[in-house]
2 protein chains.
Amino acid sequence: MSKHLVRHLKMQSFTEENYLKTIYHLSENNEGAVQTNAIAEKMQTKAASVTDMLRKLSEKELINYKKYQGAHLTPLGKQTAINVIRKHRLWEVFLVEKLNFKWDEVHDIAEELEHINSPELVERLDEFLAFPKNDPHGDPIPDKNGNFDFVPFIKLSKLKKDDKGLIMGVSEHSSAFLKHLEKLGLTLGKPLTVSAINDFDGSVEIIVDDKKTSVTREIAKHILIRI
Amino acid sequence: MSKHLVRHLKMQSFTEENYLKTIYHLSENNEGAVQTNAIAEKMQTKAASVTDMLRKLSEKELINYKKYQGAHLTPLGKQTAINVIRKHRLWEVFLVEKLNFKWDEVHDIAEELEHINSPELVERLDEFLAFPKNDPHGDPIPDKNGNFDFVPFIKLSKLKKDDKGLIMGVSEHSSAFLKHLEKLGLTLGKPLTVSAINDFDGSVEIIVDDKKTSVTREIAKHILIRI
DNA sequence: TTAATTTTTTAGATTTGTCTAAACATTTAG
DNA sequence: CTAAATGTTTAGACAAATCTAAAAAATTAA
Ligand SMILES: [Mn+2]
Ligand SMILES: [Mn+2]
Ligand SMILES: [Mn+2]
Ligand SMILES: [Mn+2]
């Protein structure tokens, strides 16, 4: 890391921050330790590289790690990860609300902006945006102490025929996925009704804006619903 | 450079961008080739490191460089440097105008933001800010084609007794310097009159807002005036 | 125009983050 | 319960950006 990017006191490199964030996201769902291969896959890197980094993060007391046993974030590691996520989501709100980007265009830019290191900047950005609670994809934005409401949305793929609900979020941020939803009229806040579930491939037929559409089971897994 | 920060087509690292920017600024004033030691001093690094980087930038055709002869930006290198400067200055305007930072607080944050790689983001930011012509320190903001008016301001240190003028810029961005000016009431746009020049140490006595103050010759060199 | 001084480059290390190939450990299946 | 498959770590290398110390070139001064 170049000296021109010297960070605050606890100097985490972009790379370290990305590892911490990935470990955080992987431990959100399943409870146990986060495995080397899972991290390697998410970060599009090799298991050997992950092992190296896990040792380093462990050295810095950002994770608990023992050989062959996977990783857990320490409180310090968790705080760091949540702070990066806070910044990511605030910048996404900025890009959509102030610069008129679409929700499918902001993720990659936020991946860069999330590493800008200025606590003051984050707090002022939060204020400028009027302390938003959710990002453009429905994800909750942690406050400056790292607290946020855990809202247990249900995957569209779990709904039954005739269930009704509101689209509250997505669990996949790729532009391709979001553009596809947009084309189908599936945007945040939209009410929908499940009109049928296809026995053969699990695809879900829904009614949105009085129009009938259908999404594959894979897509339905990434659409989050509040009933 | 980590793969998570893979940039656009012409992949310049933060470090390369900072070198190009420094070479650009050093060639703004004196015309000839930019010397190794001058770069080393501005970047707070060692001459040996500079030599390594000059060879690399030359390899990439961003500068013209021959051993012992110093460096010149190529058109491509100049364009890259100006684009980084454009981003730096636009972000400074954002920080001051939208997030209410003071002019002495924004430089370091902009040093990080200037490396965010998204042409679309820059254009939308420019529009959001209503296409500002100057940054909070009076420096001109290049347009998206890299063009900007060269405005030949005069250093306060060059003025004579009884000369009048407007403060149009500063050529030093450190927080300490800017805070000092602020304390003396020397902010952008302020009219001033030179009431005396001290023979002994060259310090400049001025009248601003009907009050008399005095700045050292060193400080006067960094205050830019339009008569 | 030789000598002293300044400037620049080279040589050789170091740190960070990455990789491949091979070894080792753990889990799963027969 | 052994054997195969899967998952993880080690060993050794590499590229980027940096450093120190020493050599070489260019400039300035005597
Ligand atoms: Mn995102
Ligand atoms: Mn998001
Ligand atoms: Mn600045
Ligand atoms: Mn500025």
Side-chain angles (χ1 to χ4, degrees), chain A residues 1-7 10-23 26-27 30 32-60 62-72 80 84 111-112 115 117, chain B residues 1-7 10-23 26-27 30 32-60 62-72 80 84 111-112 115 117:
Chain A
M1 160 129 296
S2 121
K3 103 174 52 161
H4 305 287
L5 286 166
V6 165
R7 343 285 305 286
K10 22 175 177 128
M11 285 227 304
Q12 267 99 49
S13 68
F14 289 15
T15 307
E16 287 169 342
E17 288 187 345
N18 283 330
Y19 270 94
L20 292 173
K21 196 174 54 142
T22 298
I23 294 168
L26 287 171
S27 57
N30 58 326
V34 178
Q35 298 190 103
T36 303
N37 268 354
I39 298 169
E41 192 187 4
K42 258 269 165 58
M43 303 202 56
Q44 310 217 70
T45 187
K46 304 293 158 164
S49 307
V50 174
T51 300
D52 289 345
M53 183 55 78
L54 292 185
R55 195 170 287 121
K56 185 179 166 193
L57 293 173
S58 179
E59 200 65 43
K60 295 194 172 188
L62 292 160
I63 62 172
N64 291 123
Y65 165 69
K66 285 211 202 77
K67 283 207 288 189
Y68 294 101
Q69 311 248 115
H72 281 285
T80 306
V84 175
E111 282 296 315
E112 293 192 38
H115 302 292
N117 179 45
Chain B
M1 157 131 294
S2 125
K3 102 172 53 157
H4 306 286
L5 286 167
V6 165
R7 345 285 303 287
K10 18 170 181 134
M11 284 228 305
Q12 267 98 49
S13 67
F14 289 15
T15 307
E16 287 169 340
E17 288 187 345
N18 283 330
Y19 270 94
L20 292 173
K21 197 174 51 141
T22 298
I23 294 167
L26 287 171
S27 58
N30 59 325
V34 178
Q35 298 189 104
T36 303
N37 268 354
I39 298 169
E41 192 187 4
K42 258 269 165 58
M43 305 201 54
Q44 310 218 69
T45 187
K46 304 293 158 162
S49 307
V50 174
T51 300
D52 289 345
M53 183 56 78
L54 293 184
R55 197 171 284 120
K56 184 179 167 194
L57 293 174
S58 178
E59 200 65 43
K60 294 194 173 188
L62 292 160
I63 63 173
N64 291 125
Y65 165 70
K66 286 211 202 76
K67 283 207 288 191
Y68 295 100
Q69 312 248 116
H72 281 284
T80 306
V84 175
E111 283 295 316
E112 293 191 38
H115 302 292
N117 179 45

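Below, read A as the first sequence line, B as the second, and so on, with proteins coming before strands; counting in each chain starts at 1.
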Interatomic distance, [X] [atom1] vs [N] [atom2] [rounded to whole Å]:
| X | N | atom1 | atom2 | value |
| --- | --- | --- | --- | --- |
| A/E41 | D/dT8 | CD | C1' | 15 Å |
| A/Y19 | C/dT16 | OH | C1' | 12 Å |
| B/D52 | D/dA16 | CG | C1' | 10 Å |
| B/E16 | D/dA15 | CD | P | 16 Å |
| B/K66 | C/dT9 | NZ | C1' | 17 Å |
| B/I39 | C/dT9 | CD1 | C1' | 14 Å |
| B/L54 | D/dA16 | CG | C1' | 16 Å |

Sub-3.5 Å pairs of nitrogen or oxygen atoms, protein against nucleotides 25-29 of chain D:
from   : atom 1 : to    : atom 2 : distance (Å)
D/dA25 : O4'    : B/Y68 : OH     : 3.3

What orientation do B/H115 and B/F14 show, parallel under 30°, tilted 30 to 60°, or perpendicular over 60°?
parallel
I need the single residue from A/V50, A/I63, A/I39 that forms a side chain to side chain contact (heavy atoms under 4.5 Å, CB included) with A/V34. Which is it?
A/I39
Checking B/L57 against B/Y65 for the side chain to side chain contact (heavy atoms under 4.5 Å, CB included) test, could you report, in this order, the C-alpha distance in whole Å, the side-chain angles of both residues, the deciding distance, and whether it holds?
CA-CA 9 Å; B/L57 293 174; B/Y65 165 70; over 6 Å; no
Do B/V84 and B/L20 touch side chain to side chain, with heavy atoms closer than 4.5 Å?
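Answer no - side chains too far apart.
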Between [X] and [N], is there a side-chain N or O to OP1/OP2 distance below 4.0 Å?
| X | N | answer |
| --- | --- | --- |
| A/T45 | C/dC19 | yes |
| A/Q35 | D/dT8 | yes |
| A/N37 | D/dT6 | no |
| B/K46 | D/dT18 | no |
| B/S49 | D/dC19 | yes |

Identify the two heavy atoms, one from A/N18 and one from A/E111, that lie closest to each other, and give their separation to 0.1 Å.
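Heavy-atom minimum between the residues: OD1-OE1, 4.3 Å.
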What does B/T36 touch in the nucleic acid at a heavy-atom separation under 4.0 angstrom: a base, only the sugar-phosphate, or nothing?
sugar-phosphate
Please list, chain by chain and in numerical order, all residues satisfying salt bridge (Lys or Arg N to Asp or Glu O under 4.0 Å) with A/K42, sequence neighbours excluded.
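For A/K42, no residue satisfies salt bridge (Lys or Arg N to Asp or Glu O under 4.0 Å) once neighbours in sequence are set aside.
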Using the closest heavy atom to pick a nucleotide of DNA chain C for each, name whichever of A/A48 or A/M53 lands nearer the 5' end.
A/M53
Tell me whether B/S58 contacts the main-chain N or O of B/L54 through its side chain, where contact means a donor paired with an acceptor under 3.5 Å.
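No, because the side chain of B/S58 does not come within donor-acceptor range (under 3.5 Å) of the backbone of B/L54.
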